[in-house]
Amino acid sequence: MTSDEIVSEISRKNRDAFPMLDECEYLSRDQVLDLMDAAAMRGFQFGSNVALSMVQGALLVQLARAPDLQEKPRH
């Protein structure tokens with residue numbers, strides 16, 4: 001995913017989580033902070049998943065490039 005796609009995905013999920021009621025204009029300070037915390041955690045989780053995927057991909061490439069140890073003759 002590109003950085004724009006990541007931001008778009010996080011933004012969409014944040015907006016889906018935000019209540020679509022007229023009363024949203026009157027959220028308490030704690031409600032706003034809870035929403036901010038939830039959004040931050042979703043962003044962190046998404047970023048962690050992307051980073052883990054990148055590391056797994058890099059390891060797979062390294063393993064694919066490594067010589068096959070089973071085919072080497074033993075002395």
Side-chain angles (χ1 to χ4, degrees):
M1 291 184 97
T2 67
S3 58
D4 288 339
E5 291 170 329
I6 292 169
V7 169
S8 178
E9 177 74 9
I10 292 170
S11 178
R12 184 189 60 77
K13 287 182 179 182
N14 289 344
R15 279 159 179 68
D16 289 346
F18 196 77
M20 299 303 292
L21 304 172
D22 291 336
E23 297 88 38
C24 288
E25 295 177 25
Y26 306 104
L27 292 173
S28 71
R29 179 180 184 272
D30 286 336
Q31 288 172 317
V32 171
L33 290 172
D34 287 343
L35 287 169
M36 290 172 64
D37 289 346
M41 288 308 297
R42 278 193 303 280
F44 176 77
Q45 181 182 23
F46 191 77
S48 296
N49 290 342
V50 169
L52 179 59
S53 178
M54 291 174 66
V55 168
Q56 288 172 332
L59 288 173
L60 184 61
V61 169
Q62 286 182 358
L63 287 174
R65 289 181 179 169
D68 190 357
L69 299 177
Q70 293 177 356
E71 293 182 11
K72 287 187 176 182
R74 291 186 165 183
H75 297 284

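Because the structure is predicted, anything quoted here is derived from the model rather than measured.
Between the CG atom of D30 and the CG atom of D37 there is a distance of 10.0 Å, given to the nearest 0.5 Å. Within the model, atoms CE of M36 and CD of Q31 stand 14.0 Å from one another, a figure rounded to the nearest 0.5 Å. In this structure, the separation between CD on Q45 and CE on M41 is 7.5 Å, given to the nearest 0.5 Å.
The environment of CZ in R65 is sparse: at most 12 heavy-atom neighbours from other residues, nucleotides or ligands sit within 6.0 Å.
In this structure, F46 is not a member of the same hydrophobic cluster as F44, with clusters built from ILVMFWY side-chain heavy atoms closer than 4.5 Å.
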Show me, pair by pair, the donor-acceptor contacts under 3.5 angstrom made by side chains of residues 50-63, not counting sequence neighbours?
none

